[in-house]
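Data block below; observations after.
Both ligands and their constituent atoms are indexed starting at 1 by order of listing. All values below come from the heavy atoms of this structure, side chains included, with hydrogens, waters and symmetry mates left out. All figures in this text were calculated on a predicted structure; none of them were measured in a lab.
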Amino acid sequence: MPHSDRPRQLLKRLHSVMSGDAPAQERLDALVVEIANTMEVEVCSVYMVRAARELELFSTIGLKNEAVHLSRLKMGEGLVGYIADKGIPLNLAEARKHPNFVYLPETGEEDFRSFAGVPIIYRENISGVLVVQTKQARIFKTEEIEALQTVAMVVAEIIGAGDLIDPDEAMKSHHDPDAQINLAGQMFAPGIAYGEAVFHEPRVDVDHHISSSRQEERERLKHALSKMQGQIDQMLNLGELAVVGEHREILETYKMFALDKGWQQKISLGIEDGLTAEAAVERVQRDIRVRMATLHDPYLRERLSDLDDLSNRLIRMLVLGDQYMDHHILRRPSIVFAKNMGPAEMLDYGTTFLKGIVLEEGAPTAHLSIIAKALGIPVVGQVLHPTSYLNEGEDVIVDADNQQIFIRPIEDVFHAYSDSLQEREAMLARYAADRELPSVSLDGQNIDLFMNAGLMIDLTNLEKSGAKGIGLFRTEFQFMVSSTLPKLDAQVELYSNVLEMAQDKPVVFRTLDIGSDKRVPFLKHAEEENPAMGWRATRLTMERPILMRLQIRALLTAGAGKEIRILLPMIADISEFKAVRAMVDEELRYLENVERELPSSVKVGSMLEVPSLAWQLDELLPLVDFMSIGTNDLMQFFFAVDRANPKLSERYDFMLPSFLRYLRDIIEKCHQANVPVSSCGEVGSRPLDALVMMGLGLKILSLPPTSIGPVKAMIRSANIIEFQSWLDETLGNAHSSIRERVMQYAVEKNITI
Ligand code: PEP
Ligand code: MG
């Protein structure tokens, strides 16, 4: 049978096994035989999770029959325990080579080399593991693993029927109430935090639907609405947050919704129909949710989710009255668990004790994530049913950097994390103390370290990090969080604030890099096959003069009497740079005509993040004031590797000779033309990679603020000229990534990396 037919064939056969009325154990036994035959494997086994977190061999073909119902593994033990514990499939050509492999003599599995297993999930809990094994060492095809996963669903159905094991046992045995549990999620905002669990209650049940007095309900609604608006105003005036532009923007939008007459009228209609105020809000909320479910545009959904958040808030206010606020008072360092949360709900908790957030849903681009990132609160999202594993008040570690959380961490884990938290804090304190030290290498090379920013709150790091200025201000954030196109005045205000907060330090404003994954709500984005290579950045803004021209005008206006630096993203052809530069000149003439004060100097630079530009440098360099190499996109296009695909993130190393030689030529050309050149991509944030950048001749780097300390420590311990000649020689005869050799060099030379 051709391989591609097997999964379909298998499902067909399983259907006939399942439709019979044989007892569960017999059906399970028939099932493993069918799987083994169709997939042409020597072994197929099913393990079930029993009480005390043990996995019991329930059925097998290929392993010794006497092991059935006898052979047991602890959760986390062996390959089967590993799958059950992590909830992920394994596909191994050589099972023995896996660090978790344990040999079970009673099963007679010594003859089998390859191993593939998938979790069996019943009601969102891992209830067992389905395994196939072969004598021959081979990797199973993706479609075969997918077929196994489908079969695992069929097995789950047998559990559901209840005559194999008690379904309650399948649910409960899953976790021991005292054991540590480690759950995976996604990183929405980086960092590590520790605290006690607090359950955010996004909604309360509405028990009373029918009102006894319309007038009373009207009053209740009016009172709750005005109280809610008062709270939003209060948040808008919160000292810490009042200064930060985007948060204001988000809350203003929020306020706009809260005042929205259409929304309020729909609620009032419900009251007139005889509903209680809370039931009326709930009815309108249901409509909002239906609309949300049909919308594909993530930004419009985000807006509706703001409205959903407001509805929850209003319902809670109506049902709980004054008790409502109590829940939001945190008294100890806390980790808040929620299905989803709006930005205002997060701010209700204040920032003193809110240490971390765990969400069942959410998205990295959601407003909550943007604000949490800016406030340094780690967020792990997309965690499956976390609250079914713990009670409020229990200890939790949020390790967003590694996309996981630990519930009831065991002592060792807790100590490892608290040590690393303390170490992190000590390190930060050390870097902060060193922030005034010059970034000069042992051999006297001066390297300028700038920081990347995108939010007003990032500016607070300028002082703390000791950065020389802002080497990249990504202006798109203001646009991403706004439901309407930010008006000229709002843009001028933001850029003026940035310049003011930066005091005399230089700031490079990059014009809008929207499109691709950075969508703005007020612009219709057609679906694109390859958005990263699509209608984005300068390609888009030049075709929408309201975007590019307005932004340039705002930047030049904000820069009155000062130096203003403008950086253009995604330039692929020199004509694009020329066109924007001409627009800058036109705008300068316009401002002159209307007798506005002009900037004291205007510098326009180009990003080099599209490979084609490297072969236009002879013509481009005389036209630009500076160049900035964006390695994030440049590597993506150089190696044809999607920067957002985690499967490929390790595949092409920055230190591959092809890329380094390419960069070296670009940097040399810029230096020959006397054009300042910097790098602003993420690779520069790792000290070892930054060392290589210096080795290639770069003298200006723009980094995330947290990387400035470590990179500066590296610079101060390195002899750059010596390293440059070593690198030249090494690159002369390199055929693969030179990372290990650089690492060895750094260790030998005592360079702090
Ligand atoms: C880059 O591409 O390297 C860069 C700095 O821009 P962004 O990460 O915003 O695309
Ligand atoms: Mg880029």
> So which of Val692, Ile666, Val677 actually passes side-chain contact (heavy atoms from CB on, under 4.5 Å) with Leu698?
Replying inline: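 It is Val677; the other options fail the test.
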Is there a donor-acceptor pair under 3.5 Å between the side chain of [X] and the backbone N or O of [Y]?
X      : Y      : answer
Gln636 : Arg643 : yes
Asp399 : Asn402 : yes
Glu587 : Val584 : no
Lys712 : Asp434 : yes

> With a cut-off of 6.0 Å (strictly less than), are more than 12 heavy atoms of other residues, nucleotides or ligands near CD of Glu500?
Replying inline: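 Open.
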> Which class fits the ring pair Phe659 and Phe638: parallel under 30°, tilted 30 to 60°, perpendicular over 60°?
Replying inline: perpendicular
Mind listing the N or O contacts between ligand 1 and protein, cut-off under 3.5 Å?
{"unit_1": "ligand 1", "atom_1": "2 (O)", "unit_2": "Glu609", "atom_2": "OE1", "d": "2.9"}
{"unit_1": "ligand 1", "atom_1": "2 (O)", "unit_2": "Asp633", "atom_2": "N", "d": "3.0"}
{"unit_1": "ligand 1", "atom_1": "2 (O)", "unit_2": "Asp633", "atom_2": "OD2", "d": "3.1"}
{"unit_1": "ligand 1", "atom_1": "3 (O)", "unit_2": "Gly630", "atom_2": "O", "d": "3.3"}
{"unit_1": "ligand 1", "atom_1": "3 (O)", "unit_2": "Thr631", "atom_2": "N", "d": "3.1"}
{"unit_1": "ligand 1", "atom_1": "3 (O)", "unit_2": "Asn632", "atom_2": "N", "d": "2.8"}
{"unit_1": "ligand 1", "atom_1": "3 (O)", "unit_2": "Asn632", "atom_2": "ND2", "d": "3.4"}
{"unit_1": "ligand 1", "atom_1": "6 (O)", "unit_2": "Arg510", "atom_2": "NH1", "d": "2.9"}
{"unit_1": "ligand 1", "atom_1": "8 (O)", "unit_2": "Arg474", "atom_2": "NH2", "d": "2.9"}
{"unit_1": "ligand 1", "atom_1": "8 (O)", "unit_2": "Asn632", "atom_2": "ND2", "d": "2.8"}
{"unit_1": "ligand 1", "atom_1": "8 (O)", "unit_2": "Arg643", "atom_2": "NH2", "d": "2.8"}
{"unit_1": "ligand 1", "atom_1": "9 (O)", "unit_2": "Arg474", "atom_2": "NE", "d": "2.7"}
{"unit_1": "ligand 1", "atom_1": "9 (O)", "unit_2": "Arg474", "atom_2": "NH2", "d": "3.4"}
{"unit_1": "ligand 1", "atom_1": "9 (O)", "unit_2": "Arg510", "atom_2": "NH1", "d": "3.3"}
{"unit_1": "ligand 1", "atom_1": "9 (O)", "unit_2": "Arg510", "atom_2": "NH2", "d": "2.7"}
{"unit_1": "ligand 1", "atom_1": "9 (O)", "unit_2": "Lys518", "atom_2": "NZ", "d": "3.2"}
{"unit_1": "ligand 1", "atom_1": "10 (O)", "unit_2": "Asp633", "atom_2": "OD2", "d": "3.1"}
{"unit_1": "ligand 1", "atom_1": "10 (O)", "unit_2": "Arg643", "atom_2": "NH1", "d": "2.9"}
{"unit_1": "ligand 1", "atom_1": "10 (O)", "unit_2": "Arg643", "atom_2": "NH2", "d": "3.4"}

> Shortest non-hydrogen contact from Val602 to Asp625?
Replying inline: O-OD2, 3.9 Å
> Is any NZ, NE, NH1 or NH2 atom of the basic residue among Lys699 and Asp448 found under 4.0 Å from an Asp or Glu carboxylate oxygen of the other?
Replying inline: no
> Near the Mg ion (ligand 2), which protein N/O/S atoms are found at less than 2.8 Å?
Replying inline: Glu609 OE1, Asp633 OD2
